[in-house]
Structures are given as structure tokens and as C-alpha cells.
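Here the structure comes first, spelled out in C-alpha cells, and everything after it is commentary.
Proteins get letters first, then strands, A, B, ... in listed order; numbering begins at 1 in each. Just so it is clear, the model here is predicted, and its values are computed rather than measured.
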Amino acid sequence: MKAVALIDANNFYVSCERAFNPRLRGEPTVVLSNNDGCVVSRSNEAKQIGIRMAVPIFQVRSLIERHGVHVLSSNYELYGDLSSRMMNVLEEFSPEVERYSIDEAFVSLEAEDSAGLEKLGREIKARVYRYTGIPVSVGIGATKTLAKVAGFHAKTLPQLESVFDLTPASLQVPALRRTPIEEVWGVGYRWATKLKANGIRTAFDLREARDEWIRANMNVAGLRMAHELRGIRCHTLASIPQPRRAINSTRSFGKMVDSLDDLKAAVGTFVTRAAEKLRRERMLAGVITVFVLTDRYKLDDEQYSGSLTLQLAPMTNITTDIQTVALKALEAIYRKDLRYKKAGVMLGDLVPDYGLPQPLWETGKTEKMRELMAKVDRLNRRYGRETVQCGTFISDGKWQMQMNSRSPRYTTRWDELLKVTC
DNA sequence: TCTGGGGTCCTAGGACCC
DNA sequence: TCTGGGGTCCTAGGACCC
């Protein structure tokens, strides 16, 4: 029989930190978002003392001090590297692996029977842990949504020891009855509130709801959820990634920014990031949106959100070309006498870059710029990001992120390797 | 100046995911 | 004092065309 397995790392960012710093094991630990703003990963011990997901760190300061919680800035370079190691292990088990997020993957599995599926699940869990040090949970079901339900129970019921196979029909009704509606994949806060008001409190209730009712009160996404809970596959396994539609680079600032020069430096840097990613994925962008925002939490300040989308013609992935257009957009939306908290750029209308000359408008200059970009990328890969920068601004200033306690990038920087002393 | 419907395309905003 | 970032999908509504 064939089934879908969801492999989900437990408290992924915290687990990455623990893999290199065993002293954190058993200790309450949290990892923060960019700018050290919110809690985005919590160890079980941190969950138990009542630190909620996504809570701003300043709201739980006293809790953290009272319990001696370890607090770390996020280290995406480390997490990204451990993520790809985890995905490589999964590919040893199946030709169909969908990398769903940094810490989750859907995998197609095949076995004689349910017992065989569960055995595979346990092997996956053991091998990922042995090769990466990351503990995972495995949920198995006939559809992605059922695999997610199974994963929820694998994580929350200790007696399952992190692996749950939900393919046997006899298990489905009791498992779905014990799945709160807000735990169903695709049901967020808003839908959960509305569904509960209509008496739908569990995954089982949604599975049993009439299609006409769902169609009238939800949308096609709701219909798909219900069908998937009944075992009808609506979401296929995307083991070949779909072409990307957009690339964004946006940040909140470390401190409020008011000058156009500082905003230019920030936007110039965001374009650099986005264009690097564009070239890495061999694509060209056709439009760019630039936006700036004031601080929505400062209720006494005048609020403003400005954004402008401009065409990139011809389509390009050359940093300096995109910067020119981005700065034009920024100047158009910039308003003096305001204090800004956040800005960003979004590249859209992406198409593959086949690297062919485009005779209609390609000039010798463009060809030279492409070669230059390739060289800059090589240098920055070899000697570290921002060894060579494009643009005329100083990419340094108060807009830069706060990051006070990042661990070393153990696996991606030679000078930050783990040192062993005897 | 009034009268109609159907189709497409685009955009903004909402909801959700991790 | 201090409140993340990068994505996708869906829908409603407006503009436009015939």
C-alpha cells in the first residue's frame, strides 16, 4: 500500500542549537525571530513554563529570568544547512520527497501493510537523528491532510513515541475526534472561530459536514480540506518544485529611520539579497515593488504605508539595474517628516534565465555586467557575503538588525567551526 | 440619454502556511 | 525601550471589451 508521510522536526531551531551545544538539552531554551523580536522556536521545557509561540520577547522577560531560559538569536545559515542534510536523508527512503518548509517534508512511502509503513517511519526517525542530531516526528496517512493529523498526534501523545500511522480505518474516527479543528492543516484562527460558532469543533466534524454547507460557508479550500480528511487526495506530492513566483527581501529596522539616505542603503541592500537569490535560481524578474512602513505599534505617530511597482524592462537579474529602478520607486514613495520601521522589495513576474544573449537589446555592456555579477557571486560565496558589494551607498547604519546572541555558524564558516578541547 | 449581460484581466486584500 | 520574514492561494471588485 502507498501512503504519504509527513516528517516534521521537533522544535527545529532549538534542536539545531542543541545538536552543537548539548548543554542546552533538558534546559528551557528559545530562539528569536530577526531583530530578536519574537519567540519563534521553543523547547518543550519552555512550552511547559508558558512561553507562547510568536510572543514578543519583552512580554515574557520576567518568566525568562525566573526560569533561567536560554535565549538565542536565530542562525538561519546553520538551520538551512541542517535542513538540507535532513532532506538528503529522507531521499534515501523515497524517490518522492517534497521539501515543504525548512523543517518539514512530505514523503511517499510504500509497504506491504500498515505495520510495514510504521516500521519505515521508525527507521526514518532513527536515521535522521543518527545523521543530523535532529529529532523528528512522523505522521502517516492516505492524504497530506491526514498525514498532518497523524503528525499532530505523533508529537503530542508520548506513548506513540513520535511515529503514528493513521492508515488503518479503525483508527481514523477516534483520531479525528481528538483533533481540534484549529489543528487541521489550512484552518487558521479566523476559520476556527467561524467553524466553532457553527458547531464544528474537531476534524471529525469537518469530515462529516455536508459539501453544500461547506461550499456555502467556506470556499474551495474548505471543500478540499474535508475531502482530504475523508481520504480523497486533493493535494498531490510536489516532489519537483514548482517554479517560484516571487522573491522578497524585507526587514524591520533595528532602530527607527527617517532619512532618505538610510532608506536608500536599506533598499539597496535588500535588492542585493533578492538579486543574488534570483541569479542563484537562474531567473529574471520583470517587476519590482518597493514599500516602506511606519511603526504600527506607535499609535501616536502618523501612520503611512507607501508602495510602488515598476517594470524592469528588459527583464534582468543584474543588481545595479534593479537598484536603479528600486531607488526611483523609493524616492517616489518617500515622505519626509515620518519615522520608518520597515521596508522591503519584492521581485515578481519571474521567468527562467537561459543565459542566452537577447539580440534585440543585449549590448556589450549588458554582457559585461552579467560576467561581473557572476564574478561577484563567486567571490562572495568563497569569502563570505558582502565581501564585494554593488552600489554607492554604505550598507551600514541604524536600520540594521539587532542580533545579540547568535550561535556560531558551525557548518558553513571555516572560522566558526566547533572546537573540541580535551 | 437610456437600456443588458457576459467575459477577461488586473489588483488589493484577506487568510493561511511555516 | 522592546512586537519576524518569506511565501502561496483565493476572492471581490473595478475596468474594459464586445
Compile the donor-acceptor pairs under 3.5 Å between side chains in residues 175-185 of chain A and protein atoms, sequence neighbours left out, one pair per line.
| from | atom 1 | to | atom 2 | distance (Å) |
| --- | --- | --- | --- | --- |
| A:Thr179 | OG1 | A:His153 | NE2 | 2.9 |
| A:Thr179 | OG1 | A:Ala175 | O | 2.7 |
| A:Trp185 | NE1 | A:Tyr100 | OH | 3.2 |

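- Under 4.0 Å is where a charged nitrogen must lie from a carboxylate oxygen, and between A:Glu110 and A:Lys2 no such pair does.
- Remark: A:Ser252 is in phosphate contact with C:dG5, judged by side-chain N or O atoms under 4.0 Å from OP1 or OP2.
- Salt-bridge formation is not detected for the pair A:Arg130/A:Glu123: no Lys NZ or Arg NE/NH1/NH2 atom is positioned less than 4.0 Å from an Asp or Glu carboxylate oxygen.
- At a threshold of 4.0 Å, the pair A:Glu77-A:Arg406 does not count as salt-bridged, since none of the basic side-chain nitrogens sits closer than that to a carboxylate oxygen.
- For the contact set between residues 243-250 of chain A and DNA chain B, defined by any heavy atom under 4.0 Å, there are no members.
- Rounding to whole angstrom units, CZ of residue A:Phe253 and C1' of C:dC2 are separated by 17 Å.
- Across residues 73-97 of chain A, not one residue has a non-hydrogen atom less than 4.0 Å from an atom of DNA chain C.
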Would you be so kind as to tabulate the donor-acceptor pairs closer than 3.5 Å made by side chains of residues 238-245 of chain A, with sequence neighbours excluded?
| from | atom 1 | to | atom 2 | distance (Å) |
| --- | --- | --- | --- | --- |
| A:Arg244 | NE | A:Glu281 | OE1 | 2.8 |
| A:Arg244 | NH2 | A:Glu281 | OE1 | 3.4 |
| A:Arg244 | NH2 | A:Glu281 | OE2 | 2.9 |

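- Remark: A:Arg251 engages no residue in a side-chain hydrogen bond (donor to acceptor under 3.5 Å, both in side chains) (not counting sequence neighbours).
- Residues satisfying the side-chain hydrogen bond (donor to acceptor under 3.5 Å, both in side chains) criterion with A:Tyr334, sequence neighbours excluded, are absent altogether.
- Contacts of A:Lys277 with the nucleic acid, taken as non-hydrogen atoms under 4.0 Å apart, involve only primed sugar atoms and P, OP1 or OP2.
- Rounded to whole Å, the distance from NZ on A:Lys298 to P on C:dT3 is 7 Å.
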Output field dot_bracket for DNA chain B (Watson-Crick or G-U, both distances under 3.5 Å, | for other-strand pairs) contains ....||||||||||||||
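- Across residues 42-70 of chain A, A:Pro56, A:Phe58 each have a non-hydrogen atom less than 4.0 Å from an atom of DNA chain C (numbered order).
- Within 4.0 Å of A:Arg99, counting heavy atoms only, lies no atom of the nucleic acid at all.
- Taking atom NZ of residue A:Lys255 and atom C1' of nucleotide C:dT3, one finds them 17 Å apart after rounding to whole Å.
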task: I would like to know whether A:Leu223 and A:Met218 meet side-chain contact (heavy atoms from CB on, under 4.5 Å); could you show each step before the answer?
output: CA-CA 8 Å; A:Leu223 214 46; A:Met218 297 178 76; over 6 Å; no
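- Rounded to a whole Å, the CG atom of A:Asp300 is 15 Å from the C1' atom of C:dT1.
- A cation-pi geometry, defined here as NZ or CZ lying under 6.0 Å from the six-membered ring centre and within 45° of its normal, does not hold between A:Lys341 and A:Phe253.
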Readout for nucleotides 7-18 of chain B: B = base within 4.0 Å of protein heavy atom, S = sugar-phosphate only, - = neither; 5' to 3' it is --------SSSS
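- Applying the salt bridge (Lys or Arg N to Asp or Glu O under 4.0 Å) rule to pairs touching residues 209-222 of chain A yields A:Arg210-A:Glu212, A:Asp211-A:Arg230, sequence neighbours excluded.
- A salt bridge is absent between A:Arg85 and A:Glu92: the closest approach of a Lys/Arg side-chain nitrogen to an acidic carboxylate oxygen does not fall below 4.0 angstrom.
- Screening residues 8-60 of chain A for ring-ring contact (aromatic ring centres under 6.0 Å, His included) gives A:Tyr13-A:Tyr76, A:Tyr13-A:Tyr79, A:Phe20-A:Tyr410 as the qualifying pairs, with residues at least two apart or on separate chains.
- Remark: A:Thr236 pairs with no residue by the side chain to side chain contact (heavy atoms under 4.5 Å, CB included) rule, at least two apart or across chains.
- Counting to the nearest Å, the P atom of C:dC2 and the CG atom of A:Asn35 are 11 Å from each other.
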